[in-house]
S.K.: 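Provided herewith is a single structure, encoded as structure tokens, for subsequent inquiry.
Position 1 is the first residue of the sequence; numbering continues from there.
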Amino acid sequence: GNVSANQFLATGSIYLPGILPTHSFVLGASYQARDTLSEYFFTNNFALARGYPGIDFPRMWKGAVNYHFTIAYPDLGFANVVYFQRIRANLFYDYSAVKSLRSSTVTPLRSVGTEVYFDTKWWNQQAISLGFRYSRLLDAESFQNPPNPNQWEFIIPLNLFPK
């Protein structure tokens with residue numbers, strides 16, 4: 001029909017070497033803008049600062065600093081079912097901001113935390129990285145019903161069985 005709508009999403013990352021050969025810095029940035037005519041609604045693919053609930057605003061942007069490093073190579077297996085190849089971690093700082101076009105209010109959403117990943121092989125075939133994330137929400141009071149400032153999440157891959 002005569003429905004007109006638009007949404008723009010840009011994201012990028014720069015990978016830089018870390019202090020040791022198995023370390024790295026990752027700097028990331030994202031920006032999303034969408035119209036507010038309410039003729040069509042897009043899914044929200046914008047990744048806010050880690051730990052915050054998914055919210056949708058007409059303007060959102062994010063900057064992230066990550067430091068990835070290896071903790072250990074355990075070289076440990078159990079009953080030919082799972083083999084632990086590596087344990088690695090990521091320290092992060094995220095800064096997101098959301099803007100309401102009605103009130104022109106910009107709300108910052110910042111978080112710091114860590115992610116720990118276990119790189120495994122299951123049945124000596126399928127490589128799967130599992131992990132957990134701790135996020136400390138620095139701006140949780142920005143919400144009407146503020147979330148707990150200490151957020152714990154499990155990280156499970158969605159593509160367990162690739163085509």
S.K.: Check the hydrophobic clustering (I, L, V, M, F, W, Y; side-chain heavy atoms under 4.5 Å; chains of links allowed) and say if I55 and L138 are grouped together.
M.R.: no
S.K.: Distance from F46 atom CZ to Q7 atom CD, nearest 0.5 Å?
M.R.: 11.0 Å
S.K.: In terms of hydrophobic clustering (I, L, V, M, F, W, Y; side-chain heavy atoms under 4.5 Å; direct or indirect links), are W61 and V26 co-clustered?
M.R.: no
S.K.: Which distance, rounded to the nearest 0.5 Å, do you find between the CD1 of I155 and the CZ of F118?
M.R.: 10.5 Å
S.K.: Do the non-hydrogen side-chain atoms of Q32 and N44 ever get within less than 4.5 Å of each other?
M.R.: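 Yes - at least one pair of side-chain heavy atoms lies under 4.5 Å apart.
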S.K.: Less than 4.5 Å apart, any side-chain heavy atom of P58 and any of R102?
M.R.: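 They are not in contact (no side-chain heavy atoms under 4.5 Å apart), so the answer is no.
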S.K.: OG/S111 to OH/Y134 distance, rounded to the nearest 0.5 angstrom?
M.R.: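 S111 atom OG to Y134 atom OH measures 10.5 Å (nearest 0.5 Å).
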S.K.: Taking all heavy atoms of N150 and all of N148, pick out the closest pair and write down the distance.
M.R.: N-OD1, 2.9 Å
S.K.: Could you tell me whether E115 and R50 have a side-chain N and a carboxylate O separated by less than 4.0 Å?
M.R.: yes
S.K.: Do L27 and V65 have side-chain heavy atoms sitting under 4.5 Å apart?
M.R.: yes
S.K.: Could you state the interatomic distance from CD1 (I19) to CZ (F25), rounded to the nearest 0.5 Å?
M.R.: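 Interatomic distance, I19 CD1 to F25 CZ, rounded to 0.5 Å: 6.0 Å.
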S.K.: Any donor-acceptor pair under 3.5 Å linking the side chain of Y93 with the backbone of G63?
M.R.: no
S.K.: Measuring from atom CG of L91 to atom CG of N66, what distance do you get when rounded to the nearest 0.5 angstrom?
M.R.: 9.0 Å
S.K.: Output, in order, the C-alpha distance, side-chain angles, deciding distance and verdict of side chain to side chain contact (heavy atoms under 4.5 Å, CB included) for L48 and V98.
M.R.: CA-CA 9 Å; L48 282 172; V98 296; 4.0 Å; yes
S.K.: If I take atom CD1 from residue I71 and atom OG1 from residue T22, how far apart are they, to the nearest 0.5 angstrom?
M.R.: 10.5 Å
S.K.: Any side-chain donor paired with an acceptor under 3.5 Å for N6 and R34?
M.R.: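 No.
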S.K.: So T107 and S96, do their side chains get closer than 4.5 Å, heavy atoms only?
M.R.: no
S.K.: Show the nearest heavy-atom pair for residues F57 and M60, with the distance to one decimal.
M.R.: N-SD, 3.7 Å
S.K.: Hey, any chance W152 and Y117 share a hydrophobic cluster, counting ILVMFWY side chains that come within less than 4.5 Å of each other, even indirectly?
M.R.: no
S.K.: Looking only at the side chains, is there a donor atom on one of Y83 and D75 sitting less than 3.5 Å from an acceptor on the other?
M.R.: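 Side-chain D/A pair, Y83 to D75: present.
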S.K.: Show the nearest heavy-atom pair for residues P146 and E141, with the distance to one decimal.
M.R.: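 Reported closest heavy-atom pair: CB-CA, 4.3 Å.
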S.K.: Kindly give the heavy-atom pair with the smallest separation between K121 and A127, and that separation in Å.
M.R.: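 Shortest heavy-atom separation between K121 and A127 comes out as CG-CA, 4.2 Å.
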S.K.: What about F154 and F132, are their ring centers closer than 6.0 Å?
M.R.: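 Not under 6.0 Å, so no.
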S.K.: So which heavy atom on S135 is nearest to which on F92, and how close?
M.R.: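 So the minimum-distance heavy-atom pair works out to OG-CZ, 3.5 Å.
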S.K.: Look at the rings of H23 and F69 and say which category their plane angle falls in: under 30° parallel, 30 to 60° tilted, over 60° perpendicular.
M.R.: tilted
S.K.: If you group Ile, Leu, Val, Met, Phe, Trp and Tyr by side-chain heavy-atom gaps below 4.5 Å, do Y73 and L20 land in one group?
M.R.: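 No, Y73 and L20 fall in different hydrophobic clusters.
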S.K.: How are the rings of F8 and Y31 set to each other: parallel, tilted or perpendicular (split at 30° and 60°)?
M.R.: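 The arrangement is tilted - the two ring planes meet at 30° to 60°.
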S.K.: Kindly work out whether a path of hydrophobic side-chain contacts (I/L/V/M/F/W/Y, heavy atoms less than 4.5 Å apart) joins W122 to I87.
M.R.: yes
S.K.: Q151 and G51: which non-hydrogen atoms are nearest, and at how many Å?
M.R.: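 Scanning both residues, the minimum pair turns out to be CG-O, 3.5 Å.
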